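Contents: one structure, followed by commentary.
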Amino acid sequence: MKIPLHITVNGQPREILVEPTRTLLETIRVDLGLTGSKEGCGKGNCGACTVLLNGMAVNSCLVLAVEAEGQEVLTIEGLSQGNRLHPLQQAFLDQGAVQCGFCTPGVLLLAKSLLDTNPHPSEQEIRTAIAGNLCRCTGYDKIVRAIVAASKQKVAP
Amino acid sequence: MNPFEYRRPKTLRETLRLLAAAKDGAKLLAGGTDLLIQLKERRTLPSLVVDIKAIPELQRLEHVSQRGLHLGAAVSLNRVLDYPLLAQHFPILAQACVQLGSLQIRSRASVGGNLCNASPAASTAPSLLCLKAQAVIAGPGGRRRILLEDFFQGPNQTALGKDELLVEVFVPTPSPSSRGCYLQLTQRQEMDIPMVNVACLLTLGRGGRCQQARVALGAVAPTPIRARRAEALLEGHALNSQAIQEAAEAAAKESSPIDDVRASAEYRREMVKVLTRRALQSCLEEAASP
Amino acid sequence: MTEYSFLGKSLPRLDAAGKLTGKAQYVADLNIPGMLHGVILRSPYAHARIRRLDVSKACALPGVVAVITAADIPASAGRAIMAEDKVLYGSHPVAAVAAVTREIAEAALGCIEVEYEPLPVVSDGVEAMKPDAPLLHPNLYTESMTGKASTPSNIANFTEFRRGDVEAGFAQAAVVREDTYRTQMIHHGYLEPQACVAQVDSGGKVTIWASVQGAFTFREQLGASLGLPLSRIRVVPMEVGGGFGGKNGMLLGPLCVLLAQKAGRPVRMVMTREEDLRMARPAPPTTITVKLGATREGLLTAAEVTMVYEAGAFASPLPPSGFVTGLSPYCLPNVKVNGYVVVVNKPPVGALRAPGAPQAAFAVECQMDQMAEALGMDPLQFRFKNIVTQGDRALNDLTYARIGFQEVLEKVAQHPNWVRPLEGKYRGRGLACGMWFGGVGSSAATLNINADGTFALLVGSVDLTGTRTIFVQIVAEELGVSPDEVSVVMGDTDTAPYADIAAGSRTTRQMGAAVQQACHDAKAELIRRGAASLGVAEGEVEYRDRRVQMKGHPEKFVSLRDLARASISTAAGPIVGRGASTRPSPAPSLAAHVVDVEVDPETGKVTVLSYTAVQDVGFAINPTMVEGQIQGAVAMGAGWALSEDYIFEDGILQNASLMDYHQPTAADLPMIDTAIVEVPSDNPYGVRGVGEPPIVPSLAAIANAIHKATGVRMSKLPMTSEAVWRAIRAQAKG
Ligand SMILES: Cc1cc2nc3c(=O)[nH]c(=O)nc-3n(C[C@H](O)[C@H](O)[C@H](O)COP(=O)(O)OP(=O)(O)OC[C@H]3O[C@@H](n4cnc5c(N)ncnc54)[C@H](O)[C@@H]3O)c2cc1C
Ligand code: FES
Ligand code: FES
């Protein structure tokens, strides 16, 4: 039986009907067509599905859509403002932190949640924080550098 | 996932009613970081999933001075970790929570879920066993309160009846003179289930004499356990490296690990020794430093 | 060296913007109306006879549209993708279902009745070679240079290399050491699971959207496997969420097309991570015995190597390149290599980043350190004494043209991370080398000049490593325009000219050569037309700064823009530059890694403190992208060395999740320093392959560091905490 769900996605209130078995990731990707969030494992192990739920980074593959009732979701599609890249996105671009790109949306959102609570993390803090986001392409070096670079900028909210 | 009905009750009473009505078919949902995986793998096929995050009692997080911490069963680990008094009064709980899963997992995962899932390797269990935590349980017949060490009954088995739920974990404030340490051994630095985890809590008197000792082990027995013989070897004695070594060896003897994909039984048993010794040593060193 | 405007500069990747904003499209992001969901029934046994297979209940389930079994699959597709009478590895596909939802398709799998008769499982390559081992294939006869064996066995291939006289060589040696090394199976670890979507139109033409490294290669394999002419297949390559050799499309492609044909509707197949771990084509486990001999002065006199590469349940006809790459960095007068490829009841193996080479380098480079130690010689000095240079011969008899092997060692010798002392207990610094020849193949490119004098490049190669950006850099350089004036399209197999698979570190070299040629072709045409319009001979004009101008009279010119505009309105017609690279020569490259580790002697836990990768890349067209490739390869190598493993029980994988299959996280690694050496090859711009060499030395480098830290020689991978702890304990016990 489908249940009505009210959520705010990237600032826009949405109302849809979902099955209780639907994960938040499926709702975002299939019901809302926002395919920027990726599924790499479906088990909370890779971080590719990371979105911000009320500002907190979660694995959207391990959240039921119905659990998000009344909450705010930020996906990768909502990170930039129009054509202006978020400072993290710009730093990832400048530092060469993007390769295949499959981990990128999740890492960016995790990094945003990190900088929101800890604006100037150390390298070690960054490494620990992004440990839930696997990346096979970059060896993390340039990702870490990009997050450091973004943290050094005056980040406009 | 197999189809199920979803409910998000706002009161304990309603929750208990749902549980009673569903007979066997209900599953409680806190952070879902264990449950969703079980649902996806069809290891559990509930007809009803009851989301307990909207129940105020289960979100309680309050330190009542001198007495202890009321840790609501559904409070997320990140909220626990943000609680200002945690590191001060319950450092071994903080050390365990911060190493559980990833930041994303900790946004959702709860201590209650960790305990109710009752994995032998549950990260928060050894520290809570050392802290003499109590499980506050609600059921059709009212509330009951049991020691956490009586809560675990076997792998994924707890003392909870089918129509009961964990409301909170009550963690008594340890003596200000106590020193504790939580250590876990994982293959990866982060994001890994412990091969072995160990918590110790010592209350030291004058001259380094140990007034009270608690040693708890995880991932080396069907449930998280207290190493009572190790505790007995420590209590009442002046602690030196030999006493510590003996206690560590006793702890290893008390463990009954198995071989699995993460480690062999033999390695686990040896690592109990190493981690217990290191944890105890760290308590002593901390006690010695002003 | 030539001064370039755009080559050698770190332009940001052109594909990054789409990936940073979530707009980049991967296969799983497609949604085609009416699309069905395809899933696979996998065998729960590693070796069993199929007694009975009944799909009738599954077919009858509402919502199920098509079910296929081996009976629906042409023999040309082989039996690796679907078992016929026997399953030969755990998760060997037995049937596939397409249904309106994934849930229904999965439910249908549960309705399929299969009766298995379990057979004895052989899961170790060395065991499988024994004469009394159970046979996987009753008609597998060892192939070798001398022909086919007369009795069946599990040995699919036997390859020998002989040079000189090894007995005599060892007789000259002052030090001889022989040891055996083992490596495990590992997964590519690409973050995007295997996926494809297939659609068949009413005329029978197949369109398939795939996560593949080579659209054309995939099309050929698909055509051959299904007996379809290539004109009936259109492969649309999507963004690839990591490949590393593992995305050739053939795991799902044929099944997806057959389901779509049978269903008459589009079918989507996306693996779960568990399926990907169980069913993909991992790197082969190996058992390699290396015997080396050297004089007191440290000159190698002979090498004798026996290599056993497990093939999994089905063997590819080609011998692994590791048979050759392991010893090829060194001058060896006398060599004997015996290489075996052996089938076992495990998933068929496949290409993974420098296929076969890291395993061989693990054995050889560990043994090089053992020799250096026995000789009392610095490991770098020992390698210096034996390293190949121009004119020396590789094991495959290739005579090295200009190579930078020596230069790489020199760079190591001067590198601060090699020079500075490493202090602290249980810390050690390891060194290892590894080489890769670089794949060769052919590719073509088309460069259109737009009516306003900007450029549109069309290629059919898949961009795995930033090659789109590289090609734009090449066009901008060659035609003296800004990168903004160049667009690049990665076409599908119906629109783009042929391109070889993006593998073997070849795309930049090979497609880069085609792009360069297309630029030259376009430039030549511009010169022809410019000369005509100026009314002078071609020899009197030159192309420069967006103009065709008279040599010595730059004020007499015709602009690129005017030529472009004229091209679409005059009889001369549009200007199209065409380029095709015939097989470029291999451009061997050496990587040398220096790694510092710390070992906890009580737990065996290894921490990588610092990592430095030195590599000859010929010429770094885009240094940031080169570094990124190297760093990624090092991380993968660290996982291979320390934590990743396929743990089997009776041939069934026990750790099929990313929780228990331990790829390194950011917390497991330090920053990865890179030092680029540029000794040009004779490929265009002097480039050499970049993406594969840097994984080759990593396994041995870490093992050598652990040896220096603890004195224990880890001869088996992975070097998990427990494994290192065991080795330390065994050593303490003597
Ligand atoms: C990637 C990843 C990493 C992980 N790492 C670790 C780790 O390092 N250490 C570790 O110990 N665990 C780890 N886990 C497991 C899991 O995250 C923890 O056990 C977590 O604490 C579970 O809490 P939860 O709130 O998500 O539980 P849920 O999944 O909501 O519930 C778990 C179980 O307890 C029951 N339950 C929940 N609350 C109650 C209640 N109040 N009363 C009665 N029953 C209840 C549920 O019905 C369910 O059966 C990991 C999981 C993942 C996916
Ligand atoms: S897809 Fe959610 S963590 Fe991997
Ligand atoms: S860029 Fe490919 S996984 Fe991170």
Side-chain angles (χ1 to χ4, degrees), chain A residues 21 29-30 33-48 75-80 83 85-86 88-90 92-108 123-124 126-145, chain C residues 10 12-13 15-26 28-31 103 188-193 239-244 270 272-274 464-466 611 622 624-625 627-636 638-639 657-659 663-674:
Chain A
T21 52
R29 283 180 54 82
V30 184
L34 298 172
T35 54
S37 304
K38 302 299 178 202
E39 175 160 344
C41 72
K43 302 266 173 84
N45 298 321
C46 77
T75 73
I76 188 64
E77 287 86 352
L79 189 60
S80 52
N83 280 334
L85 293 181
H86 184 275
L88 272 162
Q89 289 169 315
Q90 189 63 46
F92 271 55
L93 182 69
D94 297 342
Q95 300 282 329
V98 182
Q99 290 194 27
C100 84
F102 208 74
C103 69
T104 309
V107 182
L108 282 168
E123 181 196 331
Q124 207 44 56
I126 293 171
R127 288 189 179 276
T128 307
I130 65 170
N133 295 78
L134 292 178
C135 172
R136 192 59 150 179
C137 302
T138 64
Y140 306 103
D141 187 297
K142 297 191 187 303
I143 291 178
V144 173
R145 284 178 206 279
Chain C
S10 291
R13 277 176 78 134
D15 50 326
K19 291 172 174 175
L20 285 161
T21 52
K23 295 197 182 92
Q25 288 272 300
Y26 302 79
D29 302 337
L30 291 171
N31 189 1
E103 285 69 28
H188 304 84
Y190 39 69
L191 206 56
E192 176 210 27
E239 290 295 344
V240 178
F244 314 114
V270 178
T272 63
R273 176 60 55 176
E274 179 187 346
L464 298 173
T465 57
Y611 206 111
N622 187 314
T624 296
M625 283 175 6
E627 285 169 20
Q629 284 294 307
I630 295 176
Q631 290 162 339
V634 165
M636 196 186 234
S657 77
L658 290 178
M659 195 68 200
Q663 294 185 21
T665 76
D668 296 306
L669 296 164
M671 289 297 187
I672 297 160
D673 293 327
T674 57

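Chain A is the first sequence line, chain B the second, and so forth, proteins listed ahead of strands; every chain is numbered from 1. Note that this is a predicted model, so its numbers are computed, not measured.
- Neither the backbone nor the side chain of C:Val634 comes within contact range of chain A, judged by heavy atoms closer than 4.5 Å.
- Across A:Gly96 and C:Thr624, no two heavy atoms sit closer than the pair CA-CG2, 4.0 Å.
- Options C:Ala635, C:Ala638, C:Ala666, C:Gly22 differ in how many heavy-atom pairs under 4.5 Å they form with chain A, and the most are formed by C:Ala666.
- Annotation: ring pair (Phe, Tyr, Trp, His ring centres under 6.0 Å) contacts of C:Phe244 (sequence neighbours excluded): none.
- When each of C:Gln25, C:Gln629, C:Met659 is scored by its heavy-atom pairs under 4.5 Å with chain A, the top score falls to C:Met659.
- When all heavy atoms are compared, the tightest approach of C:Leu658 to A:Cys41 is CD1-CB, 4.1 Å.
- In plain terms, the two heavy atoms of A:Ala131 and C:Ala667 that are nearest each other are CB-CB, 4.3 Å.
- Partners of A:Phe92 according to the ring pair (Phe, Tyr, Trp, His ring centres under 6.0 Å) rule, which considers only residues two or more places apart in sequence or in another chain, do not exist here.
- Looking only at heavy-atom pairs under 4.5 Å with chain A, the residue among C:Pro193, C:Gly241, C:Gly632 that has the most is C:Gly632.
- Side-chain contact between C:Gln631 and A:Lys142 is present, with at least one heavy-atom pair separated by less than 4.5 Å.
- If you tally non-hydrogen atom pairs under 4.5 Å between each of C:Met625, C:Gln663, C:Glu103 and chain A, the highest count goes to C:Gln663.
- Residue with the most contacts toward chain C among A:Val30, A:Leu134, A:Leu108, A:Thr104: A:Leu134 (heavy-atom pairs, distance under 4.5 Å).
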**Study point:** Stepwise side-chain contact (heavy atoms from CB on, under 4.5 Å) check, C:Met671 with A:Glu123
**Key:** CA-CA 9 Å; C:Met671 289 297 187; A:Glu123 181 196 331; 3.8 Å; yes
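- Once rounded to the nearest 0.5 Å, the distance linking OG1 of A:Thr35 with CG of C:Leu30 reads 9.0 Å.
- With A:Asp141 contributing its side chain and C:Ile672 its backbone, the two residues share a donor-acceptor pair below 3.5 Å.
- Contacts between A:Gln95 and chain C at a heavy-atom distance below 4.5 Å involve the backbone alone (N, CA, C, O).
- Of the possible donor and acceptor atoms, one in the side chain of A:Gln99 sits under 3.5 Å from a partner among the backbone N and O of C:Gly628.
- What you find for C:Thr21 and A:Leu85 is that their closest heavy atoms are CG2-CD2, 3.9 Å.
- For C:Glu627, the parts sitting under 4.5 Å from any heavy atom of chain A are the backbone and the side chain alike.
- A:Phe102 touches chain C through backbone and side chain together, each having a heavy atom under 4.5 Å away.
- Within the 4.5 Å cutoff, the side chain of C:Lys23 has no heavy atoms near those of the A:Glu77 side chain.
- The choice from A:Ser80, A:Gly40, A:Gly36, A:Gly33 that makes the most heavy-atom pairs within less than 4.5 Å of chain C is A:Gly40.
- Residue contact with chain C, scored on non-hydrogen atoms closer than 4.5 Å, is absent for A:Leu79.
- Checked by atom type and distance alone, the side chain of C:Arg273 never pairs as donor or acceptor with a backbone atom of A:Gly42 at under 3.5 Å.
- Only the backbone of A:Thr138 comes within less than 4.5 Å of a heavy atom in chain C; its side chain stays farther off.
- Residue contact with chain A, scored on non-hydrogen atoms closer than 4.5 Å, is absent for C:Glu239.
- Contact of the C:Asp29 side chain with the A:Lys38 side chain is registered, since non-hydrogen atoms from C-beta on lie closer than 4.5 Å.
- Residue contact with chain A, scored on non-hydrogen atoms closer than 4.5 Å, is absent for C:Leu464.
- Looking at C:Ala28, the atoms closer than 4.5 Å to chain A (heavy atoms on both sides) sit in the backbone and in the side chain alike.
- Taking CG of A:Asn45 as the start and OG1 of C:Thr665 as the end, the distance is 12.0 Å to the nearest 0.5 Å.
- Using a 4.5 Å cut-off between heavy atoms, C:Pro664 touches chain A through backbone and side chain atoms alike.
- Here the closest non-hydrogen pair linking A:Cys100 and C:Gly242 is CB-N, 3.3 Å.
- Between C:Lys19 and A:Gln89, the closest side-chain pair of non-hydrogen atoms is not below 4.5 Å.
- Nearest heavy atoms, A:Cys103 versus C:Leu191: CB-CD2, 3.4 Å.
- Residues C:Asp668 and A:Arg127 are not paired through a salt bridge, judged by the lack of any N-O separation under 4.0 Å between the basic side chain and the carboxylate.
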